[in-house]
**Q** 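Here's a structure for you.
Naming: A, B, ... by sequence-line order, numbering from 1 per chain.
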Amino acid sequence: MAIIRVALDVPVDCLFDYLAPDASITDIGLRVCVPFGKRRTLGIILSVCTDTSVPGNKLKQAERIYRDIPPLPPALLELFKFCNRYYHHPIGQVVMNSIPNRLRQFKLTIDQPSRAFAWVITDKGRLLDATDIPARSRAKRLLLTTLQDNGQIPPEAFKQMSAHNRKLLREFLALDWVTQMPLVPGLPTAQTEPPSPTPEQNAAIAAILADTGMFAPWLLHGITGSGKTEVYLRVTAALLKQQRQVLLLVPEINLTPQLEARFKQRFPETAVVSLHSGLNDNERLQGWLLAQQGKAGIVLGTRLAVFTPLPELGLIVVDEEQDLSFKQQDGLRYSARDLAIYRAKQAGVPIILGSATPSLESYQHALAGHYRLLRLHSRAVSGATLPVIRCIDLRLTKAPEGLTEPLLTALQTALSQQQQSLVFINRRGYAPVLLCKSCGWVAACTRCSSRLVVHLHARQLRCHYCGHQQTVPAACPECGDPDILPFGQGTQRIEAALRSHFPAARILRVDRDSIRRKHAWQSVLDAVQNQQVDILVGTQLLAKGHDFPNLSLVCILNADASLYSTDFRAEEQLFAQLMQVAGRAGRADIPGTVLIQTEFPHHPLYQALSRQNYDSHARTLLRERQLTHFPPFAYQAVLRAEAIVIDSALAFLGKAAKIATACEQFGQIQLFDPVPAPMMRLKGRERAQLLVHAHSRKHLQEFLFDWQQRLHTLAAQKKVRWHLDIDPLML
DNA sequence: AGCACGCCGACT
DNA sequence: GTCGGCGTGCTC
């Protein structure tokens with residue numbers, strides 16, 4: 001009698017054994033329905049064996065093994081086990097959170113046709129002789145010949161079809177005469193000739209293609225506008241020719257559709273599957289299945305896509321590898337970029353980490369020779385030059401309403417030359433503070449340690465951390481003085497100020513509030529492309545990825561805040577962000593200018609920025625990290641605790657620190673003091689953290705393994721929730 | 001996570 | 001005398 005070991009979605013780090021008379025080794029990776037306590041639940045078979053340590057009276061029989069779709073491949077199961085070990089997260093939750101929702105339900109996933117996909121003829125269908133179909137089945141014969149002639153029926157055409165024809169198509173699907181593929185609507189459009197690569201791009205492409213059959217991590221460091229995407233496209237083309245699949249990971253930002261369109265356009269014959277948060281469960285499953293069956297040549301997605309099964313994986317690309325959104329911030333706190341490296345190594349394929357401002361982790365790997373460094377120094381569009389970057393010293397220049405005279409003058413010049421400008425301020429709303437002048441009261445959130453932001457249009461105060469909203473009070477709630485004033489600038493206030501300075505200009509504000517509407521982002525892009533905008537005002541949403549060809553001026557306001565941050569990565573991130581925003585300026589043949597309003601014009605960050613010198617700044621930061629023994633020269637984990645009151649959280653961490661001394665490798669690690677988290681109060685709960693440092697990943701892991709087990713047995717965790725975060729990004 | 005069991009306060 | 005509060009513990 002076979003025993004199956006099953007991963008279930010429970011917060012206990014173990015597998016559950018069941019009797020399964022009909023199970024064999026080929027069932028590993030299949031879904032299974034099992035009785036669990038008083039209920040039934042669905043799990044994944046991780047191994048099949050003949051004996052178990054579970055006493056016979058506890059052992060139950062599995063109800064049913066699902067064979068409707070092929071099992072998860074061994075490589076993926078291996079990745080799950082790695083996540084389990086490395087991130088110290090229960091195996092069942094790793095597995096079940098990484099597969100599509102639909103696969104976690106009891107109902108079978110019979111190939112349900114997807115409305116969003118085209119019906120494409122298979123090789124089998126193509127070889128059929130339509131005259132073999134009896135002449136009286138007129139519709140059936142016609143449908144087959146149509147498919148053989150056109151190759152596909154796009155989704156729009158399917159919607160027009162009669163119910164009978166739709167039924168026939170479903171029949172064809174069951175017979176494997178057709179398959180469902182996501183294809184570009186209106187497929188064979190006039191294809192524009194791809195630009196010929198620059199010598200730098202060619203060198204990079206050649207270098208990567210020289211070794212495609214083995215693990216090779218590449219750091220593609222290319223300045224904004226240098227054409228990293230063209231490198232991805234060319235390397236992808238070569239691997240698609242070898243019948244391999246390409247995984248492209250992107251940050252969770254609005255530029256996914258643009259990249260998707262570009263890949264679809266370049267590879268009209270290839271099924272491009274896009275896995276992002278905008279999909280419903282069915283669409284996600286369909287895309288996942290195409291990937292798993294090897295039918296999808298290109299899988300493009302956000303961090304969760306790193307768990308997609310890809311039997312023919314030949315290349316992984318991580319675009320904007322420095323982006324923080326590759327790190328999951330709850331549940332299984334994985335880094336999709338790091339897991340992508342693991343997968344590439346596991347599959348023996350190249351991986352390209354692309355960035356204009358690589359993370360210090362990746363950059364250090366490149367300097368140390370662990371990654372191979374490729375550089376694109378020049379802009380891909382011939383004649384395009386780098387922008388000139390200047391600081392405006394806020395200590396010497398007045399900035400009424402947050403805007404200095406030289407900045408307004410520059411905007412006026414751009415306007416008169418009919419060129420577009422971008423005003424970047426990383427703070428949405430009207431004003432970040434509402435202040436009472438007579439008693440010093442400040443509007444604060446009751447559930448978070450944050451200030452409420454004034455939103456003038458909505459006449460509200462909003463907490464940007466928990467979403468709490470209230471109306472703006474008419475007078476100070478403390479002293480009754482009606483003279484309460486918004487302090488500081490947000491996007492809305494800057495927008496208003498610009499409108500009064502430039503009444504004739506067409507000003508468009510872009511932040512999370514203004515693009516909440518569906519498709520709003522696309523209409524912003526269209527408006528900018530079609531020259532319907534003179535001045536863009538916005539947050540970091542505007543920082544990434546898009547070509548704004550007529551943009552000549554970028555103004556950066558209020559960036560200094562990050563310089564006071566307690567997070568040791570704040571400066572690295574600010575630098576990356578400002579480099580990106582600055583890169584928006586002067587992309588085509590218009591020379592660009594970047595103006596930065598700052599109180600610290602001599603700060604090394606701004607100095608490096610104005611010289612556009614990523615390398616020297618990154619080396620400076622790395623030297624600091626090395627001297628202070630911080631990542632990437634040390635490895636970190638953080639134990640976070642949250643409770644109703646900070647004292648319980650701190651007390652728990654105190655106990656945790658005490659039991660740590662008895663743990664394996666305690667001598668090899670360094671524990672910091674438990675401290676309140678930077679945003680101590682959040683959504684009505686108070687949080688504290690305890691940082692662990694080590695010089696060796698192995699020692700840290702051994703310590704954490706032991707520590708975590710003891711933390712579970714620490715009984716007095718009443719009402720204290722805790723978790724471990726490995727390689728934490730935000731402290 | 002669910003879902004039980006279990007042992008103490010206010011109700012028909 | 002019960003209904004129900006949520007603390008503790010288990011689920012193959």
**Q** Could you tell me the separation between the CZ atom of A:Arg40 and the P atom of B:dC3, rounded to a whole number of Å?
**A** 13 Å
**Q** Does a side-chain N or O from A:Lys58 land closer than 4.0 Å to OP1 or OP2 of C:dT11, or not?
**A**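 True: A:Lys58 side-chain N/O within range (under 4.0 Å) of C:dT11 OP1/OP2.
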**Q** By nearest atom, which of the nucleotides C:dG7, C:dC12, B:dA1 is closest to the A:Lys719 side chain?
**A** C:dG7
**Q** Grab the two heavy atoms, one from A:Pro90 and one from A:Asn84, that are nearest each other, plus how far apart they are.
**A** C-ND2, 3.9 Å
**Q** Remember a base hit wins even if backbone is also touched, and classify A:Val34 as base, sugar-phosphate or nothing at under 4.0 Å, heavy atoms.
**A** nothing
**Q** For the residue pair A:Arg303 and A:Phe326, would you count it as a cation-pi contact if the rule is NZ or CZ under 6.0 angstrom from the ring centre and within 45 degrees of the ring axis?
**A**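 Geometry flag: not set, cation outside 6.0 Å or 45°.
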**Q** If I take atom CG in residue A:Leu59 and atom P in nucleotide C:dC12, what distance separates them, rounded to the nearest angstrom?
**A**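 A:Leu59 atom CG is separated from C:dC12 atom P by 9 Å.
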**Q** A:Tyr18 near the nucleic acid: base, sugar-phosphate alone, or nothing, with a heavy-atom cut-off under 4.0 Å?
**A** sugar-phosphate
**Q** Quickly work out the A:Asp13 CG to B:dA1 P distance and round it to whole Å.
**A** 14 Å
**Q** Between P on C:dC10 and NE2 on A:His712, what's the gap in Å once rounded to a whole number?
**A** 15 Å
**Q** Atom CZ of A:Arg104 and atom P of B:dG2: how far apart are they, to the nearest Å?
**A** 10 Å
**Q** In whole angstrom, give the distance that lies between atom CG of A:Leu42 and atom C1' of B:dG2.
**A**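 Distance, rounded to whole Å: 16 Å.
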**Q** So, A:Ser325 versus A:Asp323: side-chain donor-acceptor pair below 3.5 Å or not?
**A**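 Side chains of A:Ser325 and A:Asp323: pair found under 3.5 Å.
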**Q** Using a cut-off of 4.0 Å on non-hydrogen atoms, how would the nucleic acid contact of A:Pro55 be classed: base, sugar-phosphate, or nothing?
**A** nothing
**Q** Rounded off to whole Å, could you give me the CG-to-C1' distance for the A:Leu15 and C:dT11 pair?
**A** 14 Å
**Q** Counting side-chain heavy atoms from CB outward, which of B:dA1, B:dC3, C:dC12 is closest to A:Lys38?
**A** B:dC3
**Q** With a 4.0 Å limit, can you tell me whether A:Lys60 has a side-chain N or O closer than that to the phosphate oxygens OP1/OP2 of C:dC12?
**A**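 Checking C:dC12 against A:Lys60, a side-chain N or O does come within under 4.0 Å of OP1 or OP2.
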**Q** Will you find, in the side chains of A:Gln286 and A:Gln180, an N or O donor that is under 3.5 Å from an N or O acceptor?
**A** no
**Q** Cut-off 3.5 Å, side chains only: do A:Gln469 and A:Gln460 have a donor facing an acceptor?
**A**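 Judged by distance alone, the side chains do pair up.
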**Q** What is the distance, to the nearest angstrom, from the CZ atom on A:Arg39 to the C1' atom on C:dC10?
**A** 11 Å
